[in-house]
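A short write-up of the structure that comes next.
Residues: numbered from 1 along the sequence shown.
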Amino acid sequence: MIDNQQDRTQAVAGTSATRSVPQLQLKNIHKEFNGNTVLSEVSLDVNAGEVVAFIGPSGAGKSTLLRCVNYLETPSSGELLIDGKPTVNIASKPTRNELMNLRRQVGMVFQSFNLFPHISVLRNVALPQERVLGRSRKEAEERAMELLTRVGLGNKADARPSKCSGGQQQRIAIARALALDPEIMLFDEPTSALDPELGGEVLAVMQELAATGMTMLVVTHEMSFARRVSDRTVFMADGRIVEQGAPEQVFGAPREARTRKFLEAVLER
């Protein structure tokens, strides 16, 4: 667990120092499913090293927005830029190479762990490196072991995922995403399937990752995490960004009535 906020501030400053534009830019991202608008002209700039937490009611479009960033969903219109450069051409179908390049830069952790049940924890983290980055088995497994140790699971390397708790499996999924050396990490409600104790294990790893200066976009229902760890909190409803700002402002003095109504409901539980 990270106790020194100054260390994080220094890491973020170092990460951002050489960039003249936001690391990630979403410009008028619009998404429709079968004629129904799920995202309506969402625009957002994210600086290098920034942790942005997305909160809001179910159906607000938060998870869809993250999936559009990683092109698991193709936006209906809009533009996505990393370091000022478009990642893919939304107007045409993205090529396999475009998607591979994007997903090398942007890692994602989901609600479900999506681990391969028939291979070891070590191979779960090593195999994507071999297939996506072209690393040798030896190099990939060395990197996998380093990351498993980092998330506190070096002793589970030879186990199958089924022998690990839910919290451990989610930490393995985080290690797997980090193994591709992404510049940006997306987390889509990574603790929603876990009980509070196991979810706490995952949140601790995420907090430590944030302290290193990793750029992170986190969809979460964990209000305490959003308030304590994020640099910026974004409240979404009905496919739009309703309000955003420093967590102390959004949680302590929300400007919009819709934000206040949501926070009153969730914080009173």
Side-chain angles (χ1 to χ4, degrees), residues 1-5 7-8 51-56 58 62-63 66-67 70 72 103 106-129 140-182 184-230 233 247 266-267 269:
M1 189 69 67
I2 299 300
D3 296 318
N4 192 346
Q5 183 63 25
D7 290 345
R8 168 164 160 71
V51 177
V52 181
F54 293 84
I55 63 171
S58 298
K62 309 181 298 296
S63 294
L66 255 60
R67 292 175 67 85
N70 210 29
L72 294 169
R103 289 168 188 165
V106 183
M108 190 161 184
V109 176
F110 304 87
Q111 298 177 30
S112 55
F113 319 126
N114 296 326
L115 301 175
F116 296 116
H118 60 287
I119 59 176
S120 70
V121 166
L122 182 70
R123 292 301 298 153
N124 263 278
V125 181
L127 191 59
Q129 301 175 60
E141 291 189 352
E142 286 175 351
R143 177 63 172 153
M145 196 65 205
E146 175 188 329
L147 288 167
L148 288 170
T149 301
R150 179 177 173 183
V151 300
L153 293 174
N155 63 333
K156 292 289 186 178
D158 295 328
R160 295 289 175 90
S162 61
K163 300 300 183 181
C164 301
S165 70
Q168 289 170 338
Q169 290 188 58
Q170 192 62 289
R171 284 187 279 159
I172 295 162
I174 293 173
R176 179 181 57 188
L178 290 174
L180 299 182
D181 300 326
I184 300 166
M185 282 287 289
L186 312 177
F187 293 88
D188 184 12
E189 299 212 24
T191 63
S192 64
L194 305 174
D195 66 39
E197 183 178 3
L198 297 179
E201 297 174 359
V202 175
L203 294 174
V205 170
M206 291 170 62
Q207 185 169 352
E208 291 175 3
L209 184 60
T212 68
M214 173 66 77
T215 307
M216 296 167 55
L217 280 65
V218 184
V219 171
T220 184
H221 63 278
E222 301 279 358
M223 296 299 114
S224 62
F225 177 85
R227 191 167 193 168
R228 187 178 71 253
V229 179
S230 71
T233 300
V266 298
L267 295 177
R269 290 178 185 171

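Between the side chain of Q170 and the main chain of F110, a donor-acceptor pair closer than 3.5 Å is present. The closest donor-acceptor contact from the side chain of N70 to the backbone of L72 lies at 3.5 Å or more, if one exists at all. Without hydrogens or angle criteria, K62 side chain to G56 main chain gives a donor-acceptor distance under 3.5 Å. A donor-acceptor pair under 3.5 Å is absent between the side-chain atoms of Q111 and the main chain of S192, judged by distance alone. In this structure, E201 contributes its side chain and E197 its backbone to no donor-acceptor pair below 3.5 Å. S165 contributes a side-chain N or O that, together with a main-chain N or O of Q168, makes up a donor-acceptor pair within less than 3.5 Å. Side chain of E141 to main chain of A126: no donor-acceptor pair is present (N/O by atom type, distance under 3.5 Å, no hydrogens or angles).
How far OG of S162 is from CD of Q169: 7.5 Å, rounded to the nearest 0.5 Å. In this structure, the separation between CD on E189 and OG1 on T220 is 6.5 Å, given to the nearest 0.5 Å. For the atom pair L127 CG and L122 CG, the distance stands at 10.5 Å (nearest 0.5 Å). The CG atom of L178 lies 10.5 Å from the CD atom of Q129; values are rounded to the nearest 0.5 Å. Note: M145 CE to L153 CG = 9.5 Å, rounded to the nearest 0.5 Å. Rounding to the nearest 0.5 angstrom, the gap separating the CG atom in L203 from the CZ atom in R228 is 7.5 Å.
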- Verdict with reasoning, M206 to V51, per side-chain contact (heavy atoms from CB on, under 4.5 Å): CA-CA 10 Å; M206 291 170 62; V51 177; over 6 Å; no
- Would you check, one step at a time, whether the test side-chain contact (heavy atoms from CB on, under 4.5 Å) holds for H221 with T191? CA-CA 9 Å; H221 63 278; T191 63; 3.8 Å; yes
- Item | Residue pair D181, R143: steps toward the side-chain contact (heavy atoms from CB on, under 4.5 Å) verdict | CA-CA 10 Å; D181 300 326; R143 177 63 172 153; 3.1 Å; yes
- Item | Steps toward side-chain contact (heavy atoms from CB on, under 4.5 Å) verdict (L180, R103) | CA-CA 9 Å; L180 299 182; R103 289 168 188 165; over 6 Å; no
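Checked options V109, L115, L148; the residue passing with R176 is L115 (criterion: side-chain contact (heavy atoms from CB on, under 4.5 Å)).
Side-chain contact between P161 and N124 is present, with at least one heavy-atom pair separated by less than 4.5 Å. Under the 4.5 Å side-chain criterion, counting only non-hydrogen atoms from C-beta, E208 is not in contact with V151. Between L209 and R150, some side-chain heavy-atom pair lies under the 4.5 Å cut-off. Here the side chains of L66 and M108 are in contact, with some heavy-atom distance below 4.5 Å. Looking at V266 and I55, their side chains never come closer than 4.5 Å, going by heavy atoms from C-beta outward.
Minimum interatomic distance between L147 and A175 (heavy atoms only, all atoms of both residues): CD1-O, 3.6 Å. Shortest non-hydrogen contact noted between R160 and P117 is CD-O, 3.7 Å. Residues P190 and V202 share a closest heavy-atom pair of CB-CG1, 4.4 Å. Contact record, L198 with D195: N-OD1, 2.9 Å, taken as the closest heavy-atom pair. Of all heavy-atom pairs spanning P247 and S230, the tightest one is CG-O, 3.3 Å. Shown here for D188 and S63, the closest heavy-atom pair between the two residues is OD1-OG, 2.6 Å.
More than 12 non-hydrogen atoms from other residues, nucleotides or ligands lie less than 6.0 angstrom from CG of N155.
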